[in-house]
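The structure appears below as structure tokens.
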Amino acid sequence: MQDFKFPKDFIWGTATASYQIEGAVNEDGRGLSIWDTFSHTSGKTAHGDTGDIACDHYHRYPEDVKLIKELGANAYRFSISWPRIFPKGAGKPNSKGTDFYSRLVDDLLEKGIKPAITLYHWDLPQTLEDTGGWRNRDTAYRFADFADYMFQKLDDRAHMWITLNEPLCSAYLGHLSGEHAPGIRNPQAAYSALHHLLLAHGLALGNYREVYNSNLIGITLNISTPQPASEKAAEADAVEVFLDQNTRMFLDPLFKKKYPERYLERLMKTNVLLPVENGDMEIISGNVDFLGLNYYFEFTISADESSPDGYRLVDKGFPKTAMGWDIVPEGLLRQLKWVGREYGNPVVYITENGAAFPDSLSENGTECHDPDRIDYLARHLQYLKQALEEGVNLKGYFLWSLIDNFEWAYGYDKRFGIIYCDFKTLERIPKDSYYFYRDYIAGNTDHG
Ligand code: GCO
């Protein structure tokens, strides 16, 4: 396997998201997002951290694009801030917002870097939240309008479109646990949001197919494919329940035109109904060009009658990242092969993979030695090679993240970047993992 090379056209990138890196939240006509509201609400984020400045990517993007170029990456995944384009969520577009992304895309293209554009990475315009947000079916149609506007403006230069990033987090963390914006804790709200997010994806996808259809379009999910804690039948059943709730509730509508029946029955017992209307499942299951997967860790599940879901997470003693996430590189291969078996071996991109560790600068402040991250990346990349050799339809890999950024409720406490961001000076300092990734891309791609 050592001499195996990734194909010449394999996509090597890094990933970021608008609210996590841009800053400039009150600049050039940008409207408020739910994450502006949430992060400015006391107690919601570590130390009351907000994305007000973040990495100041809005002003410093030329330096960041140069660093992407020097990495030797051939793609860059970023997201569009919806309230920068439509400050009120809909209606009159803000040309300064569109101009920013147009400049960014032109800078990327000039350096031979393909733009991989995520339309929704959680920063819903607050004005839409004020009228029900993702609990309101109308928001799906407002998203389709926003997506169409971005297709008009950027499809001539885009390489790939990702409609949504991790609808599971938007639905469950935003509306069930309340750990993320808008901070609601209500099962019906969560499952209405889940359905309307998938509908939003389907509406945008259908419009893209009909009107544009010149680049790749897909969706990014953070699914889980857990291991049972033992060989006991009860553990296997617990894994199936977990898969229904956290994986099939997203993949089945997208690829099988239906929600998992067993899980719908569970939901009905708790008086939760998915607001499915006629034709929705057809719209949602439109044909994507790829499935984006964000892989960080693999859960271990045990049956637990005392828990409402009938399962609990088990700590198997794996080494962990600063997020407390188990480091299980072989889980990446297991997940890719599970998706391939269950959903007809779709084209897949790893749209996020990476790790947070407690990084610090060297004495002289010019270096950042992060051997744990290099080890994490090297071990996961090795399983990508094996996945390709075993026939997984894998076309690309985006490392999370290009630069340390606002890690949602954790604020700036968790550093995922291969570039260290000094949040006091906003100086960028490439970590050792930046050079590792640069050399890995150069040394493991078939340049023939
Ligand atoms: C996610 C988001 C990113 C996170 C990253 C680390 O997957 O949760 O896409 O915004 O910052 O995954 O948690």
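Keep in mind the model is a prediction, meaning the values are calculated, not measured. Numbering of ligands and ligand atoms starts at 1, following listing order.
- Of the polar atoms of Asn405, none of the N or O atoms is found under 3.5 Å from an N or O of ligand 1, judged by distance alone.
- With respect to atom 11 (O) of ligand 1, the closest heavy atom belonging to the protein is Glu407 OE1, 2.6 Å.
- Listed by number with element, the atoms of ligand 1 under 4.0 Å from a non-hydrogen atom of Gln20 are 3 (C), 10 (O), 11 (O).
- Using modelled atom types, one side-chain atom of Tyr376 and one backbone atom of Gly354 make a donor-acceptor pair closer than 3.5 Å.
- The Phe416 neighbourhood of ligand 1 comprises atoms 6 (C), 13 (O), with distances under 4.0 Å to a heavy atom of that residue.
- Of all protein heavy atoms, the one lying nearest to atom 8 (O) of ligand 1 is Glu166 OE1, 3.2 Å.
- Against a heavy-atom cut-off of under 4.0 Å, Asn165 is close to the following atoms of ligand 1: 2 (C), 9 (O).
- Shown here is Lys258, whose NZ atom has more than 12 heavy atoms of other residues, nucleotides or ligands within 6.0 Å.
- The residues Asp359 and Arg373 are annotated as salt-bridged, a charged nitrogen and a carboxylate oxygen being separated by less than 4.0 angstrom.
- Dense packing is recorded around CG of Asp439, with more than 12 heavy atoms of other residues, nucleotides or ligands lying under 6.0 Å away.
- With salt bridges taken as basic N to acidic carboxylate O contacts below 4.0 Å, one links Asp107 and Lys111.
- In terms of polar-atom proximity, Trp325 is not counted as a contact of ligand 1, lacking any N or O under 3.5 Å from an N or O of the ligand.
- No more than 12 heavy atoms of other residues, nucleotides or ligands sit less than 6.0 Å from atom CZ of Arg185.
- The protein heavy atom nearest to atom 9 (O) of ligand 1 is Glu352 OE2, 2.6 Å.
- For the pair His121 and ligand 1, a heavy-atom separation below 4.0 Å is found.
- Residue contacts with ligand 1, taken as heavy atom pairs separated by less than 4.0 Å, do not involve Lys414 at all.
- Neither the backbone nor the side chain of Asn222 comes within contact range of ligand 1; no heavy atom lies under 4.0 Å.
- No cation-pi contact links Lys385 to Phe6, judged by a cut-off of 6.0 Å to the six-membered ring centre and 45° from its axis.
- For the pairing with Tyr19, the side-chain contact (heavy atoms from CB on, under 4.5 Å) check across Ser81, Ser39, Ser79 returns one residue only, Ser39.
- Within the listing of ligand 1, atoms 5 (C), 6 (C), 7 (O), 12 (O) sit less than 4.0 angstrom from a heavy atom of Tyr296.
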